[in-house]
Amino acid sequence: MTTNRFNANPKGPAPMASIHSLPPEIIMEIFEIITDDPGVFDHTPSWRHYDLSLEGRDRDRPWPAPSAEASLNAERLSRVCTVWKTLAIPFKLRMLRVRSPLDLRTILNQLELHLGAEKSVKRMDIEFQPPSVDRDPWTESHLSKTVDLVKSCSNLEVFRLKRLS
């Protein structure tokens with residue numbers, strides 16, 4: 001076999017490298033591309049992202065809704081293997097949606113299991129159901145924990161609070 005510029009190994013082509021041989025930093029970059037939601041996460045944080053008075057006026061909406069595809073891709077990546085499950089956690093936690101005290105407990109448990117994961121949260125939607133509709137009503141303790149959750153997410157860019165009627 002001859003050596004050329006594409007095959008520097010005179011014994012034959014080099015074996016294909018496994019994706020598992022890539023360093024975690026490279027895999028994280030791949031995850032970033034696959035789970036990117038440019039309309040939501042590629043903006044500069046500003047006061048306008050926290051202006052709740054704009055809620056309900058679509059023409060003035062300061063941020064787009066995140067696509068379901070980005071969240072689904074993060075979930076799919078986490079199911080490949082145990083290593084990827086761990087690496088996908090920050091991407092799964094980019095957008096949190098709290099619709100009930102049960103959601104709140106689940107999110108708090110996930111964040112407790114993965115120290116520092118709250119830094120991954122960029123968007124948080126909190127929806128309150130009226131007590132007559134909600135089977136698991138919000139208590140003062142839940143509200144206090146929700147406030148603590150918002151405070152702990154230091155990279156939060158978008159916070160949306162919605163009371164459902």
Side-chain angles (χ1 to χ4, degrees), residues 24 27-165:
I27 295 175
M28 295 290 276
E29 284 295 319
I30 294 168
F31 284 15
E32 180 72 37
I33 292 166
I34 293 171
T35 61
D36 190 32
D37 201 347
V40 177
F41 299 124
D42 292 346
H43 61 273
T44 304
S46 74
W47 65 270
R48 197 173 162 151
H49 298 122
Y50 299 93
D51 189 354
L52 301 180
S53 67
L54 297 176
E55 183 62 35
R57 290 187 263 158
D58 288 337
R59 62 181 172 75
D60 290 333
R61 185 160 294 215
W63 61 83
S67 74
E69 192 65 25
S71 296
L72 283 173
N73 285 341
E75 182 61 35
R76 289 174 184 137
L77 289 169
S78 72
R79 293 180 181 174
V80 172
C81 66
T82 54
V83 172
W84 284 26
K85 182 177 183 176
T86 303
L87 293 176
I89 289 166
F91 301 98
K92 289 173 66 175
L93 294 173
R94 273 187 181 172
M95 199 228 114
L96 299 180
R97 188 171 182 191
V98 181
R99 295 173 297 211
S100 69
L102 178 61
D103 287 348
L104 177 64
R105 285 190 292 274
T106 302
I107 289 167
L108 291 173
N109 287 340
Q110 287 178 336
L111 293 174
E112 194 175 301
L113 287 172
H114 309 286
L115 295 177
E118 65 277 354
K119 293 176 185 167
S120 302
V121 179
K122 291 188 174 187
R123 178 186 170 116
M124 187 180 309
D125 291 348
I126 300 176
E127 300 173 359
F128 291 105
Q129 295 280 347
S132 60
V133 176
D134 207 345
R135 288 177 295 216
D136 188 9
W138 290 88
T139 65
E140 197 168 315
S141 172
H142 293 129
L143 297 176
S144 176
K145 289 177 182 177
T146 303
V147 169
D148 292 342
L149 173 63
V150 172
K151 286 179 182 178
S152 72
C153 298
S154 58
N155 293 322
L156 188 64
E157 294 176 3
V158 177
F159 174 75
R160 190 169 147 238
L161 180 62
K162 187 174 185 180
R163 180 169 174 87
L164 303 174
S165 48

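No hydrogens, no waters, no symmetry mates; every other heavy atom, side chains included, goes into these values. In this text the structure is predicted, and so the values were computed from the model without any measurement.
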For R94 and T35, indicate whether the former's side chain and the latter's backbone hold a donor-acceptor pair under 3.5 Å.
-> yes
Checking side-chain contact (heavy atoms from CB on, under 4.5 Å) for the pair I27/V83: CA distance, chi angles, key distance, verdict?
-> CA-CA 10 Å; I27 295 175; V83 172; 5.6 Å; no
Contact summary for M124 and L149, nearest pair of heavy atoms | CE-CG, 3.9 Å
Between A74 and A88 the two heavy atoms that sit nearest each other are O-CB, 3.9 Å
Salt-bridge test for R160 and D125: reply yes if a basic N is under 4.0 Å from a carboxylate O, no otherwise.
-> yes
Heavy-atom check, side chain of L87 versus side chain of M28, under 4.5 Å | yes
How far apart are the C-alpha atoms of R79 and W84, what are their side-chain angles, what is the distance that settles it, and do they pass the side-chain contact (heavy atoms from CB on, under 4.5 Å) test?
-> CA-CA 7 Å; R79 293 180 181 174; W84 284 26; over 6 Å; no
Side-chain atoms of residues 105-118: list all donor-acceptor pairs with protein atoms under 3.5 Å, sequence neighbours left out, distances to 0.1 Å.
unit_1	atom_1	unit_2	atom_2	d
R105	NH1	H142	NE2	3.3
R105	NH2	D136	OD2	2.9
T106	OG1	L102	O	3.0
N109	ND2	R105	O	3.3

CG of L156 to CZ of R123: how many Å apart, nearest 0.5 Å?
-> 10.0 Å
Inter-residue atom distance L104.CG - R99.CZ, 0.5 Å rounding | 13.0 Å
Is any side-chain heavy atom of E75 closer than 4.5 Å to a side-chain heavy atom of K92?
-> yes
Working to the nearest 0.5 Å, report the span between NZ of K119 and SG of C153.
-> 11.5 Å
Test log, rule side-chain contact (heavy atoms from CB on, under 4.5 Å), inputs I34 and F91 = CA-CA 10 Å; I34 293 171; F91 301 98; over 6 Å; no
